[in-house]
There are 2 protein chains.
Amino acid sequence: MKNSTKLSDAIHILTYIVINQGTDLSSTQIAKSVNSNPVVIRRIMAQLKNEGCLISSNGRANPQLARPADTISLLDIYRAVEEETDFLKIDTKTNPNCNIGRHIQTTLDKYYQQVQESAEKEMNKIKLSDIIKEIQSIQQ
Amino acid sequence: MKNSTKLSDAIHILTYIVINQGTDLSSTQIAKSVNSNPVVIRRIMAQLKNEGCLISSNGRANPQLARPADTISLLDIYRAVEEETDFLKIDTKTNPNCNIGRHIQTTLDKYYQQVQESAEKEMNKIKLSDIIKEIQSIQQ
DNA sequence: TAAACTGTAACATATATTGTTACAGGTAAA
DNA sequence: TTTACCTGTAACAATATATGTTACAGTTTA
């Protein structure tokens, strides 16, 4: 993981597409809402498409969810847009000639995985539909 | 959170200090094990000291744990060394003139907190003593 | 055929992370 | 009390990562 806002932006994009169906859904228009650049939006959308979250077609500003919003979890979106999904990063450059430098990595790896699993389990519970509903209810 | 190995290195340092008591515990020596720079080590140690995890004294290479290893959790160390502890980062630059740009932040914040709490709860369960024991058992 | 769009590569900028140099001042032992 | 070695910390450099931008080939629709 990292200091990236790609997950937030990806959720933003998907939510935008669902809520604003029928209006202009070009990357330029979405970029205005995210306050970013059309290319950045298309980049994220390409990743979402790759992972089966989004349908879009070349030349047409007509993106759609690839499947129902209650079957798309935060974890799905996270995995789609982040190439490195680990929240905690192990230092892999430690000195292998040292007892601790040599063994710290496998030990930490085990515990870091526990933390990762716990976070991912929680992310899997949260669905895109939850977020969409919440934003729609605020808007009314 | 971020793409930082400070947590890993901090655990490494603390483990090193406990296991190698009686030997040379200068920042230069520890840096060799971490395969880093003495100043980087001292920087991390200063943060651990600040948060009550470590005792060290100016001029003397004699660092010690500030309290028993089974009372120091991964979460304590993480909070000591990382100034920004959030694993997921919200894009705060979205367009406030847009319905979604305006409301996405508070909505995501709520769900991100759930993920954060879940991860932190897990990190709190893991104690420095667990890691030390594990490395000691491998070494035998 | 024209206007507007997507998809993607290539490059530029910004920011975060780690490494390095430098030095003031503490400590311990000869 | 001098010497060698240490910590703590500031300032700067190098590197890695994230985001923004320009450019353009090819698609779609009217």
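Hydrogens, waters and symmetry mates play no part in the numbers below; they use all other heavy atoms, side chains included.
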Answer with base, sugar-phosphate or nothing: what part of the nucleic acid does Arg42(B) contact at a heavy-atom distance below 4.0 Å?
base
Gln47(B) CD - dT18(C) P separation (whole Å):
11 Å
Rounded to whole Å, how long is the line connecting atom CG of Asn50(A) with atom C1' of dG7(C)?
11 Å
Looking at the side chain of Val39(B), which of dT6(C), dA10(D), dT7(D) is the nearest nucleotide?
dA10(D)
Quick one: is Ser57(A) getting a side-chain N or O under 4.0 Å of the dT6(C) phosphate, OP1 or OP2?
no
Comparing Ala61(B) and Lys93(B) on DNA chain D - which has the more 5′ nearest nucleotide
Ala61(B)
Nearest to the Thr5(B) side chain among dT18(C), dT21(D), dT8(C), which nucleotide is it?
dT18(C)
Find the distance Asn3(A):CG to dA16(D):P and express it as a whole number of Å.
18 Å
Closest-nucleotide ordering on DNA chain C, the 5'-leading residue of Arg43(A) and Arg60(A):
Arg60(A)
So if I take every side-chain heavy atom of Ser56(B) and compare against dT7(D), dC5(C), dT18(C), which nucleotide ends up nearest?
dT7(D)
For dG7(C) and Lys49(A) - does any side-chain N or O of the residue sit under 4.0 Å from the phosphate oxygens OP1/OP2?
yes
Distance in Å, Leu7(A) CG paired with Leu74(A) CG, rounded so as to fall on 0.5 Å steps:
5.0 Å
Under 4.0 Å, heavy atoms only, any strand: does Thr28(B) hit a base, just the sugar-phosphate, or nothing?
nothing
Rounded distance (Å) that lies between atom P of dT19(D) and atom NE2 of His12(A):
15 Å
Side chain of Asn37(B) only, heavy atoms from C-beta on: which candidate in dG26(D), dT9(D), dG19(C) is closest?
dG19(C)
Residues Ile55(A), Lys49(A); criterion side-chain contact (heavy atoms from CB on, under 4.5 Å); working and verdict:
CA-CA 6 Å; Ile55(A) 295 169; Lys49(A) 191 180 181 180; over 6 Å; no
Does Ser4(B) put a side-chain nitrogen or oxygen below 4.0 Å from OP1 or OP2 of dT18(C)?
yes
Nearest-angstrom distance from the residue atom CG of Asn62(B) to P of dG26(C)
18 Å
If you take the centroid of each ring, where Trp contributes its six-membered ring, are Tyr78(B) and Phe87(A) closer together than 6.0 Å?
no
Would you say the base of dG26(D) and the side-chain of Asn58(A) have a donor-acceptor pair closer than 3.5 Å?
yes
Let me know the distance between CG of Asp24(A) and P of dC5(C), rounded to the nearest Å.
7 Å
Does dT6(C) have OP1 or OP2 sitting under 4.0 Å from an N or O in the side chain of Ser27(A)?
yes
Looking at Leu25(B), Val34(B), Ile11(B), which one forms a side-chain contact (heavy atoms from CB on, under 4.5 Å) with Tyr16(B)?
Leu25(B)
Does Ser118(B) use its side chain to pair, donor to acceptor, with the backbone of Ser118(A) at less than 3.5 Å?
yes
Min side-chain heavy-atom separation Ile72(A)-Arg67(A) under 4.5 Å
yes
To the nearest Å, how far apart are Met45(B) CE and dC6(D) P?
13 Å
Can you check the Asp9(A) CG to dA18(D) C1' distance for me, whole Å?
11 Å
